[in-house]
Student: 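Following this message is one structure expressed as structure tokens.
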There are 2 protein chains.
Amino acid sequence: MQLDERKTKILQAIIRNYLETGEPVGSRTISKYTDLNLSSATIRNEMADLEEMGYILQPHASAGRIPSDRGYRFYVDTMMAEKEREVVEMKEMLLERQDKMETLLKKVVKALANNTQYATMISAPSTHRNKVKFIQLSRVEENQILAVIVVEGNVIKNKILSITEPLTDETLLKLNILLNTHLNGMSLEEINLGMIAALKQQAGIHSNIVSEVIDAVAEAIKADEDLEIYTSGTNNILKYPELADQEKASELINTFEEKQQLTELVLDTLSDDNNTGIQVYIGDETPVESMKDCSVVTATYDLGDGMRGTIGIIGPKRMDYDKVVGTLRTLQNRLDDLYGEN
Amino acid sequence: MQLDERKTKILQAIIRNYLETGEPVGSRTISKYTDLNLSSATIRNEMADLEEMGYILQPHASAGRIPSDRGYRFYVDTMMAEKEREVVEMKEMLLERQDKMETLLKKVVKALANNTQYATMISAPSTHRNKVKFIQLSRVEENQILAVIVVEGNVIKNKILSITEPLTDETLLKLNILLNTHLNGMSLEEINLGMIAALKQQAGIHSNIVSEVIDAVAEAIKADEDLEIYTSGTNNILKYPELADQEKASELINTFEEKQQLTELVLDTLSDDNNTGIQVYIGDETPVESMKDCSVVTATYDLGDGMRGTIGIIGPKRMDYDKVVGTLRTLQNRLDDLYGEN
DNA sequence: ATTAGCACTCCCTTTAAATGAGTGCTAACA
DNA sequence: TGTTAGCACTCATTTAAAGGGAGTGCTAAT
């Protein structure tokens, strides 16, 4: 048996209706809902077929049908191929470029949550920034040295070092030159133990400063492993009865608060990059355990220069895929436009 | 009528019992629960008195009694005065001083949530840090200048400036000297328009750099207005039926995610500093709207040097005040010890 | 002052019945 | 052969009634 046009229409009608109401949908509803002019009995026959084919299922014997994961998947696939979507009112917010990336991201994720009424997340853009660009030690107080390290992608790391031995300005200058000449342009792999030992030796009594600076360098470079993630609208989870029970909701809320688990989602999205950069995880497809009963839609945005991040929307399986994908797509374009050229 | 010893004992018994069970408690229970050897009838009489006095109330005519806000208040006041508490197993976690404050705070707030099974928050220590300590401009690339600003309390602000006009190293040095001689030691109030104009004039063609630096200074100084707050265990809210309904839980979760509203709590706690630094807000007493049905216990911790922060525990009114206050107190001491001397 | 006893209240649970949305199947129809 | 009307059946949900039970207030006796 295969999915002819009529079955397709009926399936879509079932799903669309279920997305709206959240209730199992019966044959009579579809009979009226579609423009097929078929009686409920005919629809029933078709529904029996669709169920046999695994696209829909019955929560219990005398209930209507709800989409199965496979049904959702079909719906999403056909829908994604279909249309380009209208622009949302998020425009003006993005019009003037925020000077602080953090503020922008928080605003975006919040607007997205308000807009969609789902839980949302966004990861700060990260790149491979693995080369040291600039190091500077400065005295800020008698016994305090400020180390500033800049790595590729203009990621800046500050560290205050307390010194015990007196340090003349001249020595400080020498240390600066020493560090810069040896470490500039180096990647994490290139800075090996031998090199560190050599540096320490040259620094003599101030070798501990070298140690601390190198620690800071390491931290700055690997900082993107725990990438920053902002969330919003977690409370929207409670709006959907199928997610709102104590157990599931609790886990989800925790996931959103801890953020740790969300990085998996980000990494998965970034790694497996298809043409559009928009991905839909339905039920078990998700890489995050606590979202097994949800659907997750993610989008990759690209600010050029290898700086990429992920936006995600998490909701019930009966999520309004159409709207969500559309919203994400426009948002994606906005971000790309805004930062892309720079 | 006044609260004699017997009434006090009965009231405490009622509250303690209610804290455990979450159910209204009846006279017979108390009759057995206490060591007073009184019949349920006598207890009933006393309970009638206590109700008249406003310490307890009946959810409905034939139910047991639950504590009123006033009852909780009484309980907390007597309890706080009473005892010094046993030490919790949070010790080892704090033993070695974390190099990153952020990591420490996240660990603390998480441990606290696990420990108490309530929702918890902690604010990063902030001080009045309102004086500029150090400014430095450095070239990191041909057309990019890094501005580093350090203000009191070692709060560091970085800003990358893109320049259009060429800038010699010599000019850069001059700018550095210019900025430092004029701005070092200055507070936000002291940096006025006239001064800024003068600086700009001296900077000549590079006046825009001065502008940007001053913007950054302003940001660094006022950064403590939106102080950083970490939360954990938000999902614990759902554990308490009296908070778990869609409406309330949703607002609470939102408060914890947004964090904005939590600053009110922090500020209130920090401002109104009593002897111990531990405060209990019951029901309406809280400064945060969404917590009207909760109790909130906050503690101030002090790292010396004017660096102070707030820890908070948010739970149902029938919170285990005893344990919570005890835990907070020891935690407070730990933090003070750990960072105090430095 | 304390207590036993009792009538009364009212929430909650259980049980049963009624409802109604939806199905599968069969037979008739075009 | 595909479509449809009709009907018996299923089963979650709603509604109503009944009963239980925890707890109270009051009174009278100790």
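Proteins get letters first, then strands, A, B, ... in listed order; numbering begins at 1 in each.
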Student: Among residues 43-51 of chain A, which ones have heavy-atom contacts with DNA chain C below 4.0 Å?
Tutor: A/R44, A/M47
Student: Tell me the stems DNA chain D sits in, counting at least three consecutive Watson-Crick or G-U wobble pairs, each under 3.5 Å on both distances.
Tutor: C:1-30 with D:1-30
Student: Rounding to an integer number of Å, can you tell me how far B/L36 CG sits from C/dT2 C1'?
Tutor: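 The distance from CG of B/L36 to C1' of C/dT2 comes to 13 Å, rounded to the nearest Å.
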Student: Hey, is the side chain of B/R6 poking within less than 4.0 Å of OP1 or OP2 on C/dT2, counting only N and O atoms?
Tutor: yes
Student: Quickly work out the B/I66 CD1 to C/dC11 C1' distance and round it to whole Å.
Tutor: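 In whole Å, C/dC11 C1' and B/I66 CD1 are 14 Å from each other.
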Student: Cut-off 3.5 Å, side chains only: do B/T231 and A/E257 have a donor facing an acceptor?
Tutor: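 Note: B/T231 and A/E257 side chains meet the donor-acceptor criterion.
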Student: B/F256: what forms a ring-ring contact (aromatic ring centres under 6.0 Å, His included) with it, not counting sequence neighbours?
Tutor: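 Partners of B/F256 by the ring-ring contact (aromatic ring centres under 6.0 Å, His included) criterion come out as none, since no residue qualifies.
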Student: Can you check whether A/D49 reaches A/K7 side chain to side chain, under 4.5 Å on heavy atoms?
Tutor: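 Answer yes - side chains close enough.
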Student: Can you find a heavy atom in the side chain of A/Y281 that is under 4.5 Å from one in the side chain of A/L265?
Tutor: yes
Student: Heavy atoms under 4.0 Å, any strand shown: does A/A61 hit a base, just sugar-phosphate, or nothing?
Tutor: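 The answer is sugar-phosphate, as A/A61 gets under 4.0 Å only of primed atoms, P, OP1 or OP2.
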Student: What pairs of donor and acceptor atoms, side-chain ones from residues 287-296 of chain A against any protein atom, are under 3.5 angstrom apart with sequence neighbours left out?
Tutor:
from, atom 1, to, atom 2, distance (Å)
A/S290, OG, A/T255, OG1, 2.6
A/S295, OG, A/Y321, OH, 2.7

Student: According to salt bridge (charged side-chain N to carboxylate O under 4.0 Å, His left out), does anything in residues 20-32 of chain A pair up with another residue at least two apart or in another chain? List the pairs.
Tutor: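 Qualifying pairs: none.
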Student: So B/I56 and B/L11, do their side chains get closer than 4.5 Å, heavy atoms only?
Tutor: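 Touching, per the 4.5 Å side-chain cut-off.
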Student: Is B/D69 paired with B/R73 through a side-chain N to carboxylate O contact shorter than 4.0 Å?
Tutor: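 The answer is no: the pair does not qualify as a salt bridge.
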Student: Are any of the side-chain heavy atoms of A/I229 and A/E258 separated by less than 4.5 Å?
Tutor: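 Not touching, per the 4.5 Å side-chain cut-off.
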Student: How long is the span from the CD atom in A/E247 to the CG atom in B/N235, to the nearest 0.5 Å?
Tutor: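 The CD atom of A/E247 sits 10.5 Å away from the CG atom of B/N235.
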Student: What I want to check is whether an N or O donor and acceptor connect the side chain of B/S39 with the base of C/dT3 at under 3.5 Å.
Tutor: no
Student: Could you tell me from which nucleotide to which nucleotide of DNA chain D, 5' to 3', there is an atom under 4.0 Å from chain A heavy atoms?
Tutor: D/dT3 to D/dA12
Student: Please report, rounded to the nearest Å, how far the P atom of C/dG22 is from the CD1 atom of A/I56.
Tutor: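 After rounding, the reported distance stands at 13 Å.
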Student: For the NZ atom on A/K259, are there more than 12 heavy atoms of other groups (residues, nucleotides or ligands in this structure) within a distance under 6.0 Å?
Tutor: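 Buried by this count: over 12 neighbours within 6.0 Å.
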